[in-house]
2 protein chains.
Amino acid sequence: MNSKPRPRVVVVGAGFGGLTAARRMARLPVQVTVVDRKNHHTFQPLLYQVATAGLSPGDIAAPIRWILRTHPNIEVLLEEVRDFNLKARSVVTNEGVLPYDYLVIASGVSHAYFGHPEWEPLAPGLKTIEDALEIRRRVLLAFELAERQAAAGSADFPLNFVVIGAGPTGVELAGTLAEISRHVLAREFRAINPEQTRILLLEGGPRVLPPYSEGLSRKAQQQLEHLGVEVRTSSIVTRIEPGAVWVEDTRIPAQVLLWAAGVAASPLGRKLGAPVDHAGRVLVQPDLSIPDHPEVFVIGDLAYLQDESGKMLPGVAPVAMQQGEWVARTIARDLEHQPRRSFRYNDKGSLATIGRAAGVAQFKKFSLSGYFAWLAWLFIHIFFLIGFRNRVLVMIQWAWSYLTYERGARLITGSNELPGWTQSERGEATETVVAGKSRR
Amino acid sequence: MNSKPRPRVVVVGAGFGGLTAARRMARLPVQVTVVDRKNHHTFQPLLYQVATAGLSPGDIAAPIRWILRTHPNIEVLLEEVRDFNLKARSVVTNEGVLPYDYLVIASGVSHAYFGHPEWEPLAPGLKTIEDALEIRRRVLLAFELAERQAAAGSADFPLNFVVIGAGPTGVELAGTLAEISRHVLAREFRAINPEQTRILLLEGGPRVLPPYSEGLSRKAQQQLEHLGVEVRTSSIVTRIEPGAVWVEDTRIPAQVLLWAAGVAASPLGRKLGAPVDHAGRVLVQPDLSIPDHPEVFVIGDLAYLQDESGKMLPGVAPVAMQQGEWVARTIARDLEHQPRRSFRYNDKGSLATIGRAAGVAQFKKFSLSGYFAWLAWLFIHIFFLIGFRNRVLVMIQWAWSYLTYERGARLITGSNELPGWTQSERGEATETVVAGKSRR
């Protein structure tokens, strides 16, 4: 037994990067504290399934404490990090300070509204369980309010869903919304026909899924259009108001607006005194540490690093996980007085799903689209879901909803109001209206 | 084909009573409108499982629209009923008016705080999915905040959970909280020992589960105590403040307070001009209609009716469901010009669960307690869960958590604050604290 105190490692954020870093340090002679402002790790690639009522939050999120329960050298604290004192080597949280010998910052990114923070309540983005529940509430409520209006005799059926941004999240959302309105809800309404819902996917750039090859972008767009999504590329959003979005000078009515267009780095990135890029990502050294502070690492979506060809590493789970593992190895090497090495991303390929049984996949030597891309996506994502129980349950639910076109979590919780929704025309609530006048 | 317009039936509330009434009218020559302020039916007997993180909301709730999808003569509206115009035969909602030929009111009950509405935010009750998520948030957060405080060096471990009211809901909550703290969380914390959590069940009356026989009450109390619950009967709560509850002149510290003590009828009951009891329940005629209005029925928890022995029918799902069925039959008899008959409750028995593999059951000729009562409870409740998919998933999840002592929905969503929780003593967040001073 060694009586010398073990180095203390503080990990900020329990996303894919932070969690991997912590797990890989389970067998090192260090004392690890994982700090997160949520009690759960969220499997972000499946958040869109919660937003579209296919899965429950409990299916894609697990308590951080539970994930790390078997490692006695790791403790978990539910606190919010506010600042760092690099000189004193401590993390400042809402509750006090946590001293460290090594610091791993993996606090990720959130939405960016291109200088229009006032758009956020009108067009919510999708990064957390709470975001997903708010989007689910809006989507389901829109159909209910349309039914209410139509039952009251309003003639036109004005249901427009607009998704802004055609990266993987926007494509997944738009595809799944089309699927829901065409298949899941089709037979449940009496006054409206959900199949007439218009789903519009707006993209500022020239094509959907920009990180993929042009061929795959084209195939993805075809699959989206086949599902009933209207795709508009090179369409820059200039204004958002309750119930509508503007593309240049054209006003598009939209009962539900979803934002999947831009990311901004966690504000913690700017508290380090290290150089950052335009989105606030920290420019890290080849070993993922920041200049002059070999004991401070930044990983995952918050880190800016280029590959050999000068391209920025994408903000995806595999990059974060490999970086988390790299930091654990680097600390192990430090403890053994070995020299540090440069991180290299091993790109195993990219996958995006588009809807039921559609998707695109890009690997080093080949690419896939359609059913097989979707199958690859399905198995890889279920495989990586944290916790055995979740995996089995998610598979059963997907099998069930694949066979029956049903979605199991169609609950509206919270308020029954939508921004920009106009009052029904069934007439004001008054006690003098006589029977039969108001309906049918 | 009959060209005479079909009678219009409006059903207010889609709990067990309203939903059964609507379903039983699917084959009658009537046009049914079900109005509810939620889009989902909640399987209330399992709400405590959501409150204690064993099940997800989607497992015990299903969209009303989905449940009734196959019946073309039934429409569903998401609206909130505000009033009735019995003379004009119309229902006044937040959106307008709905005319009816028959009206079925099944809007149930909510919590009553015995004239202390200010206690509600301090001791939430359990009637809706939102209530269950708030209780789950408080329960899970209490352990997190205790860990945070203990990690910061605070010596004592002050975790007290107090459940007020020892009816079926209070007993289920207390038993499950004991189970969680003794088994589920036991190995996941580093600074606190969840097994030391104190769980107190306060009951104003002389025994737990008052509707059951004295022998079963005693057995239920023994099973609760075996699980680690401290039961205090004849204990009247006189005051609730943030972080504490008073029983007579004794102050009991309580980080989490849950209310399971009293019910008040839906305020709609008082809008009918019919006599009501002290809790606001409507005194219905033997055929479940109200005086002078044979076309208006009140059923379920909102109705007050006595059995042959003069005892009030209990506010449980079987009563509501049998009454819903009765109303559908009565309307069918009206349409066939048959005379009406009096409703009679067919009591098949009562069941309450206490925790993992414990419970009590009382049938006409015999009673059960312990493991077999729990098994009976389990199968009956799963059998009545709405929707095949839910049943299968709930069974799998329960089998899993029975075998592993794991609970799958331990997510804290929303705020990280608890009323009455004192600030950690780790020291204020300041940048001048030096490394090592604050922890260990």
Side-chain angles (χ1 to χ4, degrees), chain A residues 37-40 56-59 61 63 65-66 69 75 77-79 82-83 85 88-90 92-99 129-130 140 144 147-148 151-152 187-191 389 393 396-397 400 406 408-414 416 424 426-429 431 433-436 438-439, chain B residues 37-40 56-59 61 63 65-66 69 75 77-79 82-83 85 88-90 92-99 129-130 140 144 147-148 151-152 187-191 389 393 396-397 400 406 408-414 416 424 426-429 431 433-436 438-439:
Chain A
R37 59 185 169 180
K38 296 283 170 198
N39 85 319
H40 50 274
S56 284
D59 298 327
R65 187 176 290 302
W66 174 82
R69 69 195 179 285
E75 66 168 3
L77 290 177
L78 178 76
E79 300 190 17
R82 300 257 163 92
D83 206 351
N85 186 340
R89 298 199 175 174
S90 66
V92 182
T93 79
N94 59 322
E95 281 290 310
V97 295
L98 297 167
I129 293 282
E130 283 90 347
L140 296 176
E144 295 294 333
E147 172 83 354
R148 182 201 278 179
R187 279 169 306 275
E188 294 186 19
F189 290 81
R190 303 284 177 257
R389 179 189 158 282
L393 279 175
I396 292 169
Q397 296 199 49
W400 184 257
E406 271 167 21
R410 281 168 41 204
L411 311 183
I412 299 174
T413 50
N416 280 345
S424 152
R426 199 193 303 146
E428 285 304 298
E431 298 202 17
V433 180
V434 292
S438 55
R439 311 255 334 247
Chain B
R37 59 183 169 179
K38 297 284 168 194
N39 85 321
H40 50 275
S56 284
D59 297 328
R65 187 174 293 299
W66 174 83
R69 69 196 179 285
E75 66 168 3
L77 289 179
L78 179 77
E79 300 190 17
R82 299 256 162 93
D83 206 349
N85 187 342
R89 297 200 177 175
S90 66
V92 183
T93 78
N94 59 321
E95 282 290 311
V97 294
L98 297 167
I129 293 284
E130 283 89 345
L140 297 176
E144 294 295 333
E147 173 83 353
R148 182 200 277 180
R187 280 170 305 276
E188 293 186 17
F189 289 80
R190 303 285 176 255
R389 181 188 157 282
L393 278 177
I396 293 168
Q397 296 198 48
W400 184 257
E406 270 168 22
R410 281 169 42 204
L411 312 182
I412 298 173
T413 49
N416 280 345
S424 152
R426 199 193 302 146
E428 286 305 300
E431 298 205 17
V433 179
V434 292
S438 55
R439 311 261 329 253

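Below, each value reflects all heavy atoms present in this structure, side chains not excepted, and no hydrogens, waters or symmetry copies. Note that the coordinates shown come from a computational prediction; the quantities given were computed from them, not determined experimentally. A note on names: the letters A, B, ... follow the listed sequences, proteins ahead of strands, and every chain is numbered from 1.
Minimum interatomic distance between B/L411 and A/G58 (heavy atoms only, all atoms of both residues): CD1-N, 3.7 Å.
Note on A/S56, A/P63, A/A191, A/P57: by heavy-atom pairs under 4.5 Å with chain B, the leading option is A/P63.
Applying the 6.0 Å contact sphere to CZ of A/R187 captures no more than 12 heavy atoms from other residues, nucleotides or ligands. By the neighbour-count criterion of 12 heavy atoms within 6.0 Å, atom CZ of B/R190 is densely surrounded, having more than that number from other residues, nucleotides or ligands.
Looking at A/T413, both its backbone and its side chain come within 4.5 Å of chain B, counting heavy atoms on both sides. With a 4.5 Å cut-off on non-hydrogen atoms, A/I129 touches chain B through its side chain but not through its backbone.
To the nearest 0.5 Å, atoms CZ (A/R410) and CG (B/N39) are separated by 7.5 Å. Note: B/I412 CD1 to A/K38 NZ = 9.0 Å, rounded to the nearest 0.5 Å.
With hydrogens and angles ignored, the 3.5 Å screen pairs a side-chain donor or acceptor of B/R148 with a backbone N or O of A/L78. Listed for the A/E130 side chain is a donor-acceptor partner under 3.5 Å among the backbone atoms of B/G414.
Residues B/R65 and A/E188 are in side-chain contact: their nearest non-hydrogen atoms beyond the backbone lie under 4.5 Å apart.
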